[in-house]
**Q** 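Structure provided below as structure tokens; questions to follow.
Just so it is clear: chains get the letters A, B, ... in the order the sequence lines come, proteins before strands, and each one is counted from 1. The shown structure was predicted, so the numbers you read here are calculated from the model rather than taken from an experiment.
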Amino acid sequence: MEQAVGSVLLAARDYDLAATLTSGQVFRWRRHEDAWLGVVAGHWIQLRQVPIGIQARVINPQACLPGLTNYLQLTVDLNSILTTFPDDEPMRAAVAACRGLRLLRQDPWECLASFILSSTKRILQIQQIVGLLCERFGHPVAAPPAFGPAFSFPGAERLARVNEADLRACKMGFRAPYLLAAAQSVAEGRLDLERVRTFSLDQAREALMNLPGVGRKIADCVLLFAYGYPSAFPIDVWVENALQSLYFPRRRATTRHLQRFSETHFGPNAGYAQQYLFHYIRTVLKGGSDLK
DNA sequence: AACCAGGACACAA
DNA sequence: TTGTGTCATGGT
């Protein structure tokens, strides 16, 4: 299983790897010394922030690099996105605090399954659940022996054949039947995740929300983090509190009003703005008293 | 040791 | 439409 490791330097400006990998859009990366270990598209990968960009260590560079470049969205010019954000005080503060935070482009199935498991769970626990799921149902991937075994994210076809009890053993509780149903729906072709790419935002959201356990919020996470619909704007409890306290501090706004506000106020890259707000309130404001 | 977590859903009013 | 109880599980 152990082969030569290739090291590649990926040029990237304005890229905060740590913020990106810990901002709750992905759950498979863990810090190891000054680097990050993860598995992308079935390949073991080590990433390290360096002055001119990102150093990647992979087993087979020519097999991994195209997918990794897309995953990290290395060709995206961050500045051209940030300039579309509204010029208001909350966004200025969020950008000042989180500059370099990026949106990844994830695999739809892994993203969908992960966020089905995310409901009313802390990010740390989501990481645990996803880790167990990969250990038990993924397949081992080639990795340097010093880093221990690594596992791929199990495909829908695999998970469609397990039983609910085995999923519950991964500590996912009441989410188990939701994940199983989603896996079966994808495996049987009732939901074609590749075809969703060709859908309009509303069509794609409707297709995902057809699944049990997938509501507006989880659907929007997948639309933003996997499919890259730039205006998908997931509103969870953190973002809702942020919108309420930062933009409507006087009067109480309903969830529906906040949803409508998010669709008009944040511009063409509203989803990106959402990620900045989310990470900002969680790391800088730490969900402080005026946000709750 | 209670409390609560990147929600969704069924059900009430 | 808008408001509540419920669903597992474990970290703090």
Side-chain angles (χ1 to χ4, degrees), chain A residues 19-30 94 98 101-104 106 110-133 136 163-183 185 191 205-227 229 232-246 251-260 262 266 270-289 291-292:
Chain A
T20 299
L21 300 182
T22 62
S23 64
Q25 57 181 308
V26 65
F27 308 103
R28 291 224 60 197
W29 294 92
R30 57 188 182 88
C98 309
L101 172 62
R102 301 291 196 121
L103 284 182
L104 300 169
Q106 301 178 47
E110 176 171 341
C111 188
L112 172 62
S114 297
F115 277 95
I116 285 175
L117 301 176
S118 75
S119 67
T120 52
K121 280 295 181 191
R122 298 185 181 177
I123 291 176
L124 185 65
Q125 249 181 305
I126 303 168
Q127 291 173 335
Q128 285 184 1
I129 297 170
V130 170
L132 283 172
L133 191 68
R136 300 197 53 154
N163 54 48
E164 191 181 312
D166 291 332
L167 291 181
R168 283 181 185 265
C170 297
K171 305 180 178 180
M172 64 184 72
F174 62 84
R175 303 154 194 84
Y178 293 154
L179 178 60
L180 188 55
S185 187
L191 175 60
R205 182 184 291 124
E206 186 185 350
L208 294 176
M209 289 180 65
N210 230 356
L211 297 168
V214 179
R216 174 67 185 251
K217 188 269 171 181
I218 291 178
D220 278 349
C221 284
V222 179
L223 295 172
L224 182 62
F225 301 143
Y227 290 107
Y229 289 89
F233 195 99
I235 299 182
D236 72 320
V237 289
W238 290 91
V239 173
E240 173 151 357
N241 288 335
L243 293 177
Q244 172 69 60
S245 64
L246 296 175
R251 64 190 173 84
R252 168 123 182 90
T254 65
T255 301
R256 212 180 74 77
H257 184 75
L258 294 177
Q259 185 71 247
R260 226 158 36 80
S262 74
F266 292 98
Y272 235 106
Q274 174 276 156
Q275 197 64 13
Y276 269 78
L277 279 179
F278 179 76
H279 198 245
Y280 172 60
I281 59 178
R282 286 176 53 85
T283 58
V284 180
L285 302 185
K286 298 185 169 113
S289 51
L291 276 175
K292 288 230 167 188

**Q** The side chain of A:Ser118 lies closest to which of these nucleotides: C:dA8, B:dG6, C:dG10?
**A** B:dG6
**Q** Is a side-chain N or O of A:Gln244 found less than 3.5 angstrom from the main chain of A:Arg251, in a donor-acceptor match?
**A**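 Answer holds: yes.
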**Q** Using the P atom as the reference point in each nucleotide, state the distance between C:dG10 and B:dA8 in Å, no decimals.
**A** 22 Å
**Q** Output all residues satisfying side-chain hydrogen bond (donor to acceptor under 3.5 Å, both in side chains) with A:Ser23, sequence neighbours left out; order by chain, then residue number.
**A** A:Gln25, A:Gln275
**Q** Look up atom OH in A:Tyr178 and atom CG in A:Leu180, then write down how far apart they are to the nearest 0.5 Å.
**A** 13.0 Å
**Q** Would you kindly give the CD1-to-C1' distance between A:Ile126 and C:dA8, to the nearest whole Å?
**A**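 My rounded result for the distance is 14 Å.
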**Q** Closest to the A:Phe174 side chain: C:dC7, B:dA8, B:dG6?
**A** C:dC7
**Q** Please report, rounded to the nearest Å, how far the C1' atom of C:dT9 is from the CG atom of A:Leu132.
**A** 12 Å
**Q** Take atom CD1 of A:Ile123 and atom P of C:dG11, then tell me their distance rounded to the nearest Å.
**A** 16 Å
**Q** Donor-acceptor pair under 3.5 Å: do we get one between A:Gln128's side chain and the base of C:dG11?
**A** no
**Q** Which pair of non-hydrogen atoms, one from A:Leu191 and one from A:Leu211, has the smallest distance, and what is that distance?
**A**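 Heavy atoms of A:Leu191 and A:Leu211 come nearest at CD2-CD1, 3.6 Å.
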**Q** In residues 164-172 of chain A, what residues come within less than 4.0 Å of DNA chain C, judged by heavy atoms?
**A**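 Residues of residues 164-172 of chain A under 4.0 Å from DNA chain C: A:Arg168, A:Lys171.
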**Q** Measure the CH2-CD distance between A:Trp238 and A:Gln274 for me, rounded to the nearest 0.5 Å.
**A** 13.5 Å
**Q** In whole angstrom, give the distance that lies between atom CD1 of A:Ile218 and atom P of B:dC9.
**A** 8 Å
**Q** How close or far is atom C1' of B:dC9 from atom CD1 of A:Ile116, stated in whole angstroms?
**A**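 For the pair A:Ile116 CD1 and B:dC9 C1', the rounded distance is 14 Å.
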**Q** Among the candidates C:dA8, C:dG11, B:dA8, find the nucleotide nearest to the side-chain atoms of A:Lys121.
**A**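 Of C:dA8, C:dG11, B:dA8, C:dA8 is nearest to the side chain of A:Lys121.
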**Q** Can you tell me how far C1' of B:dC3 sits from CD of A:Gln125, to the nearest Å?
**A** 13 Å
**Q** Measuring from atom CD of A:Gln259 to atom CD of A:Glu240, what distance do you get when rounded to the nearest 0.5 angstrom?
**A** 9.5 Å
**Q** Distance check, P atoms only: C:dA8 and B:dA1, in whole angstrom units.
**A**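 These two P atoms come out 23 Å apart once rounded.
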**Q** Starting from the 5' end of DNA chain B, give me the residue, A:Leu211 or A:Ser23, whose nearest nucleotide shows up first.
**A**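 Here A:Ser23 is the residue nearer the 5' end.
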**Q** B:dC4 and C:dT6: how far apart are their C1' atoms, nearest whole angstrom?
**A** 15 Å
**Q** Given the P atoms of C:dG5 and B:dC3, what is the spacing between them in whole Å?
**A**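 Result for the P pair: 15 Å, nearest Å.
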**Q** Are B:dG6 and A:Phe278 stacked, with the base six-membered ring and the side-chain ring centres under 5.5 Å apart and planes under 30°?
**A** yes
**Q** For A:Leu179 and C:dC7, give me the distance from atom CG to atom C1', rounded to whole Å.
**A**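 The answer, rounded to whole Å, is 16 Å.
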**Q** Specify the separation, in whole Å, of atom CG of A:Asn210 and atom P of B:dA8.
**A** 14 Å
**Q** State which of C:dT2, C:dA8, B:dC9 makes the closest approach to the side chain of A:Arg175.
**A** C:dA8
**Q** Do A:Glu240 and B:dG6 have a side chain to base donor-acceptor pair shorter than 3.5 Å?
**A**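 Under the 3.5 Å cut-off, the side chain and the base do not form any donor-acceptor pair.
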**Q** Working to the nearest 0.5 Å, report the span between CG of A:Leu101 and CG of A:Leu21.
**A** 10.0 Å
**Q** What nucleic acid atoms does A:Phe27 come within less than 4.0 Å of, heavy atoms only: base, sugar-phosphate, or nothing?
**A** nothing
**Q** Indicate, with a heavy-atom threshold strictly under 4.0 Å, whether A:Gly215 touches base, sugar-phosphate, or nothing.
**A** sugar-phosphate
**Q** Quick one: CD1 on A:Ile218 to CG on A:Leu223, what's the gap to the nearest 0.5 Å?
**A** 12.0 Å
**Q** DNA chain B: A:Arg122 or A:Pro212, which has the more 5' nearest nucleotide?
**A**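 So the residue in question is A:Arg122.
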